[in-house]
Protein chains: 2
Amino acid sequence: MTLSALADPTRRAILARLASGEASVSELAEPFDMSLVAVSKHLKVLEKVGLISKGREAQWRPCRLEPKPLRQVDDWLENYRQFWNGNLDRLEDYAALLQKGGKNDPTN
Amino acid sequence: MTLSALADPTRRAILARLASGEASVSELAEPFDMSLVAVSKHLKVLEKVGLISKGREAQWRPCRLEPKPLRQVDDWLENYRQFWNGNLDRLEDYAALLQKGGKNDPTN
DNA sequence: CATATATTAAACCAATAAGTTAATTAACTA
DNA sequence: TAGTTAATTAACTTATTGGTTTAATATATG
């Protein structure tokens with residue numbers, strides 16, 4: 001679910017924008033060449049998987065980044081990180097490591 | 001692309017399997033309750049984004065995990081890692097700054 | 001050669017995703 | 001109260017996705 005939400009470039013751009021602070025729906029929509037409604041739907045997707053939360057301030061719904069799902073992706077990646085930053089070269093070693101501390105898939 | 005490929009649980013399970021060593025298409029398909037053809041298509045998706053590569057050995061196509069795209073995801077996550085492994089909740093601090101009319105740089 | 005095995009290709013189908021426009025709800029403002 | 005702004009809901013269209021079954025392509029072996 002989280003990874004599907006992250007699969008869309010518009011949604012990733014929204015997250016990047018929110019990394020520099022809260023923004024309302026129309027502020028978030030402004031850079032994109034699509035309707036406000038479309039952006040609102042993207043925000044709903046992000047909200048459903050917990051990547052953002054929305055507040056209420058008069059008629060605005062300030063959105064903010066919620067990092068927990070991203071941290072879960074990071075945790076999931078941990079299973080594979082040994083493949084590129086490790087000193088290991090052989091698959092058998094990876095297997096041993098994964099047997100020992102492998103995490104299950106937290107992202108679906 | 002990469003994230004869309006990772007969005008499917010079957011494909012993530014395939015990657016997890018390949019983390020413990022090469023496997024043929026039918027070996028990879030065995031655990032799943034779907035046709036071999038379906039798994040073959042999943043492998044094609046993974047191959048297209050570079051998450052796996054296929055060799056040739058007689059009539060078998062041994063698949064192996066290719067870590068580069070995963071490392072790119074890891075690099076992308078780096079932009080957000082500050083939000084959860086820092087010693088302070090930057091988002092809440094940033095919100096507080098905005099309330100006071102503070103400046104606009106979340107990275108210092 | 002004939003047949004079995006491993007895999008891919010082609011054609012098809014149902015469900016989902018991403019977008020649209022039009023209508024609706026809610027809150028502020030003159 | 002009337003009108004404007006912010007955002008969501010509803011209904012719809014089109015493209016993509018994930019699966020199916022059947023057919024084709026290689027490769028190995030009796």
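To find a chain, count down the sequence lines: A is the first, B the second, and so on, and within it residues start at 1. Values reported hereafter were calculated over all heavy atoms of this structure, with side chains retained and with hydrogens, waters and symmetry mates removed.
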- Message: Can you list everything that forms a side-chain contact (heavy atoms from CB on, under 4.5 Å) with A:Ala38? Sequence neighbours excluded, please.
- Response: A:Met34, A:Ser35
- Query: Going by the salt bridge (charged side-chain N to carboxylate O under 4.0 Å, His left out) test, which pairs reach into residues 25-40 of chain B, not counting sequence neighbours?
  - Reply: none
- Message: Grouping I, L, V, M, F, W and Y whenever their side-chain heavy atoms are under 4.5 Å apart, do B:Trp84 and B:Val73 come out in a common cluster?
- Response: yes
- Task: Ignoring backbone atoms, test whether B:Ser35 places a side-chain nitrogen or oxygen under 4.0 Å from the OP1 or OP2 oxygen of D:dT20.
- Result: yes
- Item | By side-chain contact (heavy atoms from CB on, under 4.5 Å) - contacts of B:Ser26 (at least two apart) | B:Ser24, B:Leu36
- Item | Residues in contact with DNA chain C, drawn from residues 41-58 of chain B - heavy-atom cutoff 4.0 Å | B:Lys41, B:Lys44, B:Lys54
- Message: Would you say B:Ser40 places a side-chain N or O within less than 4.0 Å of OP1 or OP2 belonging to C:dT7?
- Response: no
- Note on the structure: Residue set satisfying side-chain contact (heavy atoms from CB on, under 4.5 Å) with B:Ala7, at least two apart, ordered chain then number -> A:Leu3, A:Ser4
- To the nearest 0.5 Å, tell me how far B:Glu22 CD sits from B:Trp60 CH2. 14.0 Å
- Item | Residues that B:Arg71 engages under salt bridge (Lys or Arg N to Asp or Glu O under 4.0 Å), provided they are two or more places apart | B:Asp75
- Message: Expressed as a whole number of angstroms, how long is the span from B:Asp8:CG to C:dT16:C1'?
- Response: 13 Å
- Message: According to side chain to side chain donor-acceptor pair (under 3.5 Å), who are the partners of B:Glu57, at least two apart in sequence or on a separate chain?
- Response: none
Tabulated below should be each protein N or O lying under 3.5 Å from an N or O of nucleotides 1-6 of chain D; please produce it.
{"unit_1": "D:dA6", "atom_1": "O3'", "unit_2": "A:Gln59", "atom_2": "O", "d": "3.3"}

- Query: Can you check the B:Glu30 CD to C:dA6 P distance for me, whole Å?
  - Reply: 13 Å
- Euclidean distance, atom CD of residue B:Glu27 to atom P of C:dT5 [Å, nearest integer]: 16 Å
- Query: Nearest 0.5 Å, what's the CG-CG distance between B:Asn79 and A:Leu15?
  - Reply: 11.0 Å
Are any protein N/O atoms closer than 3.5 Å to N/O atoms in nucleotides 23-25 of chain D? If there are, list each pair with its distance.
none

Under 3.5 Å, which donor-acceptor pairs do the side chains of residues 40-54 of chain B form with other protein atoms, sequence neighbours left out?
{"unit_1": "B:His42", "atom_1": "ND1", "unit_2": "B:Arg11", "atom_2": "NH1", "d": "3.1"}
{"unit_1": "B:Ser53", "atom_1": "OG", "unit_2": "B:Glu66", "atom_2": "OE2", "d": "2.8"}

- Item | Residues that B:Asp74 engages under salt bridge (Lys or Arg N to Asp or Glu O under 4.0 Å), provided they are two or more places apart | A:Arg81, B:Arg81
